[in-house]
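To start, the structure under review is shown below, and the notes come after it.
Note that these values count all heavy atoms, side chains included, but never hydrogens, waters or copies made by symmetry.
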Amino acid sequence: MASEGPKGQERADGAPRGGETAGMPAGDARRDPFDALFDSGMHAALLDAADIGCWTFEIPGGAGYRSSSMFRTLGYADVVADWTHGDFLRCLHPDDRERVEAAHEAARLGDGRYEAEFRVLWPDATVHWLSARGRFDYDAAGNAVRMSWVQFDVTQRKTAELELAASRARFESVIDLSQDGILIHHRGKIRYANRAAARLLGACSPEILVGLSLPEFITPDMRVLASRQLDRLFDQGGALPYVESKMIRLDGAVIDVELAATATWEEGEQVVHTQIRDIADRKRHEREILALNHSLEERVQARTRELAAANRELESYSYMVAHDLRAPLRAISGFSGMLQESLAQQLDREQRRFLGIIVGNVERMNKLIDGLLQFSRSARGSLSPQPADTRALVDAVILELPGHERAQFEIGALPALLADPVLLRQILINLIDNALKYSRGQAQPKIEISARLLAGMDVIRIADNGVGFDAAYAHKLFGVFQRLHSLQEFEGAGIGLAIVRKIVERHGGQVWAEGAVGEGARFFFSLPRQGGEAAGPKEKTGGF
């Protein structure tokens, strides 16, 4: 480091630089009181007590005073003899050495005052921060003749400051990555804005928003309410949850947002943190959904009217067809009966068999027509679901059905089913009658009726020990006029199970069957349990 400055140089206020007293050399008895303190011998105790390192060195030569506390700030337990300024420079952190030397030189050539914070490497290789203040003394010619210096360890403070700065940097980084706008303001004046807030409010950078009035960004119709809410936050603290609002961008465009705010204290002053969320896409989707719902509602109403008209036409058509079909059947049946009566003595055995076939098919045709009408009625009309005593219904149905006397019934605990009682009765009649019919060839017909809760549905099982069926054709059982056995084996129109399926599906349930040839059949139907709904899409849950 150079030892001379510009000769005769003065400070800006006209006084001599550094420790020089006007018109006197640096070594004169009337020096700065700081120098007198060193000469008095009192300085060592005072500096050690304050744990402040102090040292001076003469320029040139380097002679001077070094306190024991100065060495402690550099990591030495004892005083190091013959300590030089070069030794000090070697203690500096490599990244700070050039900066410290430049500060020294600037002070020497300037007003002689020096102040800096820097890192030093202790002998144990740990890094510490020091804060130093010093000054240069000059002779009458303006040459630097001595430097005085105090330094103390500020590692804890500096570490805290650096951690705080790093935390603030992380915070600002996270805040800037946020998709929500964040503003910090005091009494309506914006103090901080992140990038998202600038983007939302139409500013090219967050700094443009600082100092502006937040209420000015609120639409006039909501400005008074927003101001009252902010005043309440300042007065009472706490937080405001997200509320929908509208804001005006710098370019005048109005945007849909959600606002939330929290009052907090920063540096002894209460401020409000406001979060702004862009909900333009959500509001657009809501409008689209509302428009779609309105359109769907109109279409549903139109479709409902069409279906109602179609049902009326179908009902009229069904009764018309039934009437038109029955008229020729009545004629066939009537004339067949007249022939049987008038020609009873003239007809041979084969002719009487032919007439019997005609009458039998007329009766079968009438049953088919009755079945079609019943199937049509099962698909129409409103339902009146109510809790039904299933066991009582089963007992009543069994007593009504022919052939029940021969069968052995095993009936388990049955739940109360939520269903239209008239239609539930029809389900039980068709399934139990079906079981009696197909098991009547057994020496001891056996029918089991049980229930189980599966997947949120009450499932009723009706099993028999009858002829069974080929499981490969189980899907045909519930179709209209679908039969797996001939009329010669078992009577029937082939429509009873189709009616069961239609009624069960109208109640939100499902029906299916299991079986094997010669091993009996098991029919199942499920209905939603009272007070609950089935979870997810309805699926067959298997037998039990």
Side-chain angles (χ1 to χ4, degrees), residues 95-96 99 117 119 129 157-290:
D95 293 340
D96 292 353
R99 177 171 60 84
E117 289 185 350
R119 291 168 292 178
W129 280 90
R157 173 177 65 79
K158 199 66 179 179
T159 300
E161 289 177 354
L162 292 174
E163 290 177 352
L164 179 61
S167 176
R168 184 183 296 275
R170 288 193 297 270
F171 169 77
E172 291 182 353
S173 176
V174 171
I175 292 300
D176 273 341
L177 288 174
S178 172
Q179 295 298 311
D180 290 343
I182 297 176
L183 300 174
I184 300 177
H185 49 96
H186 174 74
R187 293 296 178 185
K189 293 295 182 181
I190 298 173
R191 292 185 172 182
Y192 170 83
N194 69 343
R195 296 182 186 277
R199 184 174 61 253
L200 282 172
L201 299 179
C204 58
S205 69
E207 292 74 19
I208 292 177
L209 298 178
V210 175
L212 299 181
S213 173
L214 178 59
E216 293 300 318
F217 288 96
I218 307 296
T219 54
D221 58 318
M222 307 190 74
R223 195 169 295 163
V224 173
L225 176 61
S227 294
R228 288 176 180 171
Q229 290 175 329
L230 289 177
D231 290 342
R232 189 169 74 250
L233 272 180
F234 274 111
D235 295 338
Q236 302 176 9
L240 288 177
Y242 274 107
V243 294
E244 290 189 7
S245 184
K246 292 181 180 293
M247 298 190 74
I248 307 171
R249 289 164 46 95
L250 290 175
D251 59 9
V254 177
I255 57 174
D256 291 302
V257 297
E258 273 186 339
L259 297 176
T262 302
T264 185
W265 289 88
E266 292 184 2
E267 299 178 356
E269 202 170 43
Q270 193 174 39
V271 297
V272 174
H273 291 197
T274 296
Q275 193 161 348
I276 308 171
R277 179 168 297 168
D278 185 358
I279 59 171
D281 288 342
R282 191 183 81 192
K283 298 299 287 186
R284 184 178 68 254
H285 292 157
E286 288 178 359
R287 289 190 292 268
E288 291 173 354
I289 291 172
L290 287 174

For the atom pair CG (Leu214) and CG (Leu209), what is the distance rounded to the nearest 0.5 Å? 9.5 Å

Give a yes or no on whether the backbone of Ile184 and the side-chain of Arg191 come within a donor-acceptor separation of less than 3.5 Å. no

Leu240 CG to Thr262 OG1 distance, which is reported to the nearest 0.5 Å: 8.0 Å

Rounded to the nearest 0.5 Å, what's the gap from CG on Asn194 to CD1 on Ile276? Could you check? 8.5 Å

Let's go through Ile279 and Glu286 carefully: what are the C-alpha distance in whole Å and the side-chain angles of both, what is the deciding distance for side-chain contact (heavy atoms from CB on, under 4.5 Å) to 0.1 Å, and is it a yes or a no? CA-CA 10 Å; Ile279 59 171; Glu286 288 178 359; over 6 Å; no

On a heavy-atom basis, which atom in Gln270 and which in Ala263 lie closest, and how many Å separate them? NE2-CB, 3.9 Å

Which atom pair, heavy atoms only, marks the closest approach of Pro206 to Ala193? CB-O, 3.1 Å

Quick check on Arg195: does its CZ atom have over 12 non-hydrogen neighbours (other residues, nucleotides or ligands) under 6.0 Å away? no

Tell me which one of Met247, Lys283, Arg282 satisfies side-chain contact (heavy atoms from CB on, under 4.5 Å) with Asp256. Lys283

Where Val272 and Ala261 come nearest, the two heavy atoms and their spacing: CG1-CB, 3.8 Å

Are side-chain heavy atoms of Glu258 and Glu244 found at a separation under 4.5 Å? yes

Using a 3.5 Å distance criterion without hydrogens, assess whether the side chain of Asp180 forms a donor-acceptor pair with backbone atoms of Gln275. no

Inter-residue atom distance Lys158.NZ - Leu164.CG, 0.5 Å rounding: 11.5 Å

Roughly how far, to the nearest 0.5 Å, is the CZ atom of Arg99 from the CD atom of Glu117? 9.0 Å

Keeping Arg249 on the side-chain end and Arg199 on the backbone end, is there a donor-acceptor pair under 3.5 Å? yes

Using a distance-only test with no angle check, is there a side-chain donor-acceptor pair under 3.5 angstrom linking His273 and Thr264? no

Considering only heavy atoms from C-beta outward, does the side chain of Val271 approach that of Tyr192 to under 4.5 Å? no

In Å and rounded to the nearest 0.5 Å, what is the NZ to CG distance from Lys189 to Leu212? 7.5 Å

Between Ile190 and Glu216, is there a side-chain heavy-atom distance shorter than 4.5 Å? no

Report, as yes or no, whether the 6.0 Å neighbourhood of atom CD on Gln179 holds more than 12 heavy atoms from other residues, nucleotides or ligands. no

